[in-house]
> 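Quick one: structure below, then a few questions.
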2 protein chains.
Amino acid sequence: MVTLAEVAQHAGVSASTVSYVLSGKRSISATTRQRVEQSIRELGYHPNAGARALASSRSAIIALMIPLRTDMYVPVMMEIAIAVATTARLHGYDVLLLTGEEGPDAVRRVTGSGLADAMIVMDVELDDERLPLLRRTGRPSVLIGLPSDTTGLTCVDLDWAATGALCVEHLAALGHRDVAVIGEAPAVYERHTGFAERTLDGLRSRAREAGLRVLHRPCEGGYDAMAVTLARILDERPGTTGFVVQNESAVEPLLALLRQQGRAVPEDVSVVAICPDQVATQASVRLTSVAVPAQDMGRYAVEHLVAKLDGRREDDVVLLAPELTVRASSGPAPSAG
Amino acid sequence: MVTLAEVAQHAGVSASTVSYVLSGKRSISATTRQRVEQSIRELGYHPNAGARALASSRSAIIALMIPLRTDMYVPVMMEIAIAVATTARLHGYDVLLLTGEEGPDAVRRVTGSGLADAMIVMDVELDDERLPLLRRTGRPSVLIGLPSDTTGLTCVDLDWAATGALCVEHLAALGHRDVAVIGEAPAVYERHTGFAERTLDGLRSRAREAGLRVLHRPCEGGYDAMAVTLARILDERPGTTGFVVQNESAVEPLLALLRQQGRAVPEDVSVVAICPDQVATQASVRLTSVAVPAQDMGRYAVEHLVAKLDGRREDDVVLLAPELTVRASSGPAPSAG
DNA sequence: AAAACCTGTCGAAGCGCTTCGACAGCCTAT
DNA sequence: ATAGGCTGTCGAAGCGCTTCGACAGGTTTT
């Protein structure tokens with residue numbers, strides 16, 4: 001391995017000069033800079049990460065905690081992870097992948113050891129056990145998700161309550177009176193994942209205002225689970241004409257089942273999905289949907305973190321406004337003409 | 001931050017003794033060990049990662065390069081990534097997430113800087129430009145995927161050729177004579193991704209032996225793309241009764257289209273999918289499928305890497321044997337009774 | 001013309017850890 | 001009893017980098 005000292009010798013300057021060329025923290029004459037850069041190239045020099053971290057006490061690494069579970073929408077997670085990795089590189093950071101499995105210990109380990117300069121946490125529960133640690137770790141962090149108490153924290157998330165409200169509004173405007181919500185898997189609610197509960201709240205309170213009836217049913221993904229869930233819903237509320245689907249893996253099964261029962265979309269029933277645009281446009285019916293802005297969230301999280309590391313920014317909570325795109329799966333309620 | 005020296009002082013021993021307690025590289029008396037461990041706990045000590053890496057020239061980090069593109073099966077990628085992260089932690093390693101975007105530069109950067117001790121590379125092309133670098137980097141690496149020339153490399157992959165063959169065999173045994181293959185997106189073939197081409201080869205050569213006719217069509221995911229593809233296939237080979245689907249996001253659309261055309265599965269046509277079991281069991285018809293053993297591959301990659309870092313293992317190429325599970329989507333060809 | 005200030009470079013200290021050789025004390029073999 | 005071996009501990013060197021203070025030489029200010 002080539003070291004700084006070797007580069008310095010090769011270029012006929014001192015080690016500190018090479019360091020300053022690399023970091024740009026002191027002015028260097030153009031000729032010296034060029035000579036050093038030339039040597040770096042010729043020798044194929046790469047600064048040693050460990051030495052850097054030790055000397056500067058910054059590792060240029062951002063830790064990303066992703067959920068281990070696969071009961072939630074995987075492509076969204078992946079999209080966030082990739083956006084985080086890409087954006088981080090743009091700012092000179094690498095990304096360390098942590099699974100939620102280790103829980104609070106991972107936070108302690110990573111911040112305690114100086115392995116990472118900062119941390120992005122996904123799959124946040126309303127009263128997450130990692131929060132107290134994050135508050136006092138001294139290292140910047142961003143949550144993708146919104147816990148109950150956000151004091152001393154930075155959060156980004158889609159405004160799920162507004163998302164739920166938006167879905168209801170759309171259906172209400174089309175004249176639907178009875179709406180069913182196909183939710184995430186029961187486990188997601190049991191562990192009080194923020195987004196699932198907030199969506200429901202937003203949905204219900206707007207429904208109350210608009211005078212709609214809402215029936216919420218959690219649903220595991222897949223055809224069979226959806227079949228059971230749908231049967232129960234139609235049994236309890238035969239007049240249901242509007243569906244809001246939050247669990248992506250229930251979308252296609254639902255469409256198949258409705259078709260099979262001779263209920264036409266959007267003539268007889270309307271379906272609004274909460275999912276990435278890619279899913280909405282690739283489904284067997286082009287879905288009216290509210291998009292989950294996974295990329296935006298990942299990018300924002302990194303940019304906030306980098307700004308905070310540079311002292312350019314403070315804690316805050318950002319909720320992205322949802323946007324509903326009307327496609328072919330929603331239309332006027334049958335009785336409404 | 002608490003340092004080794006502070007722990008040593010607190011425990012009344014020298015710094016090196018604390019280090020040896022931590023690493024276990026020299027024998028330490030039980031009483032001393034306990035005293036040191038006590039101090040570590042009381043002070044909440046975490047070894048500094050940078051200092052460790054510098055002194056030992058090992059970072060305890062494994063780099064994982066995942067594809068940036070989303071034209072390939074995302075859940076499989078995610079499953080591998082999670083298996084890698086989980087297994088790595090079991091062995092005391094952390095995982096650095098790299099996107100394929102940076103290409104060979106990422107390999108140079110990460111190995112040159114000593115950021116990672118070893119590397120796992122996914123989405124390998126037959127003649128991947130990262131291979132020469134990996135061969136001479138001096139750091140262990142494992143490819144998940146199989147390039148054309150494996151000399152000096154370690155690879156794990158599903159035996160895709162055998163997978164293709166297995167699908168054909170199954171359909172042949174059921175009496176099907178005309179088989180269509182719904183492949184991955186065209187881009188996947190254009191960049192000569194190993195698995196896609198090998199599957200096709202295996203499929204075709206077994207088909208030749210068994211006297212089947214095979215029609216291969218790449219297919220972007222989604223309903224519309226599938227509709228176009230299916231129409232073309234049935235136009236060209238109206239007698240097609242067997243389908244092999246490699247692109248997971250074409251599975252459900254295909255089933256929907258067949259249903260819509262009044263072709264019953266498995267009475268009129270049989271469908272064999274190459275996909276994770278979860279997808280196969282959650283589809284609207286329980287799919288006969290060959291599973292992609294994502295977890296096994298991730299786990300194996302890490303274990304091989306760790307063994308190689310410990311000098312316990314050499315380069316080799318491991319192909320996992322495919323297993324076909326018969327479910328409800330395949331049956332005797334119609335003409336065969 | 002002296003004082004004050006830049007600019008560009010260097011030397012040295014030190015970041016927190018691992019690891020090597022040394023050695024004190026004790027045990028075993030002769 | 002003495003040489004040789006273990007065991008458990010210590011001190012010091014050094015990993016490759018960043019960063020601080022110093023300073024030489026040139027430029028500007030008064």
Side-chain angles (χ1 to χ4, degrees), chain A residues 1-37 39-40 43-61 92 109-117 309-310, chain B residues 1-37 39-40 43-61 92 109-117 309-310:
Chain A
M1 291 289 85
V2 186
T3 69
L4 226 214
E6 294 175 271
V7 173
Q9 194 179 352
H10 186 271
V13 298
S14 76
S16 48
T17 301
V18 177
S19 179
Y20 287 123
V21 167
L22 251 27
S23 70
K25 290 190 180 173
R26 285 204 182 171
S27 55
I28 296 286
S29 69
T31 57
T32 304
R33 186 201 318 289
Q34 278 162 22
R35 205 139 34 85
V36 170
E37 281 166 353
S39 298
I40 288 178
L43 300 179
Y45 169 69
H46 284 273
N48 182 91
R52 268 202 163 164
L54 178 56
S56 66
S57 40
R58 283 179 296 102
S59 65
I61 290 180
R109 190 169 59 82
V110 164
T111 62
S113 67
L115 224 193
D117 296 335
L309 286 166
D310 296 350
Chain B
M1 289 291 86
V2 186
T3 70
L4 226 214
E6 294 174 273
V7 173
Q9 195 180 352
H10 186 270
V13 298
S14 75
S16 49
T17 300
V18 176
S19 178
Y20 287 123
V21 167
L22 251 26
S23 70
K25 291 191 179 172
R26 285 206 182 170
S27 55
I28 297 285
S29 69
T31 58
T32 304
R33 185 199 319 289
Q34 278 162 23
R35 205 138 36 84
V36 169
E37 282 166 353
S39 298
I40 289 179
L43 300 179
Y45 169 69
H46 284 274
N48 182 91
R52 270 204 162 161
L54 177 56
S56 66
S57 39
R58 283 178 297 101
S59 65
I61 290 180
R109 191 169 60 81
V110 164
T111 62
S113 67
L115 225 192
D117 296 335
L309 286 166
D310 296 351

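To find a chain, count down the sequence lines: A is the first, B the second, and so on, and within it residues start at 1. Note that the coordinates shown come from a computational prediction; the quantities given were computed from them, not determined experimentally.
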> Take atom CD of Q9(B) as the centre, draw a 6.0 Å sphere, and report whether it contains more than 12 heavy atoms from other residues, nucleotides or ligands.
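Count not over threshold, so no.
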> For L115(A) and I61(B), run side-chain contact (heavy atoms from CB on, under 4.5 Å): C-alpha distance rounded to whole Å, both residues' side-chain angles, the deciding distance at 0.1 Å, then the answer.
CA-CA 10 Å; L115(A) 224 193; I61(B) 290 180; 3.8 Å; yes
> Please work out if S16(A) contacts a base, only the sugar-phosphate, or nothing of the nucleic acid, heavy-atom cut-off 4.0 Å.
base
> At the 4.0 Å heavy-atom cut-off to chain B, mark where contacts on DNA chain C begin and end, going 5' to 3'.
dG16(C) to dA22(C)
> Does a side-chain heavy-atom distance below 4.5 Å link V36(A) with R33(A)?
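With C-beta onward as the side chain, the pair stays apart.
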> Going by heavy atoms in the side chains, are Y45(A) and L22(A) under 4.5 Å from each other?
yes
> Are any non-hydrogen side-chain atoms of T17(A) and R35(A) less than 4.5 angstrom apart?
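They are not in contact (no side-chain heavy atoms under 4.5 Å apart), so the answer is no.
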> Using heavy-atom distances to pick each residue's nearest nucleotide on DNA chain D, tell me which of R35(B) and S56(A) is more 5'.
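Residue closer to the 5' terminus by nearest nucleotide: R35(B).
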> Which heavy atom of V2(A) sits nearest a heavy atom of G44(A), and at what distance?
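Closest heavy-atom pair between V2(A) and G44(A): CG2-O, 4.3 Å.
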> If you find the nucleotide of DNA chain D closest to A51(B) and the one closest to T17(B), which residue's nucleotide is nearer the 5' end?
T17(B)
> Could you list by number each residue of residues 22-31 of chain B showing a heavy-atom separation from DNA chain C of less than 4.0 Å, or answer none if no residue does?
K25(B), R26(B)
> To check you understand the geometry: which heavy-atom pair defines the closest contact between V110(A) and A116(A), and what is its length?
CG1-CB, 3.4 Å
> May I ask you to test the T3(A)-N48(A) pair for a side-chain heavy-atom distance under 4.5 Å?
no
> Give one of base, sugar-phosphate or nothing for T32(A), where a contact means two heavy atoms less than 4.0 Å apart.
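Sugar-phosphate contact only - T32(A) comes under 4.0 Å of backbone atoms but never of a base.
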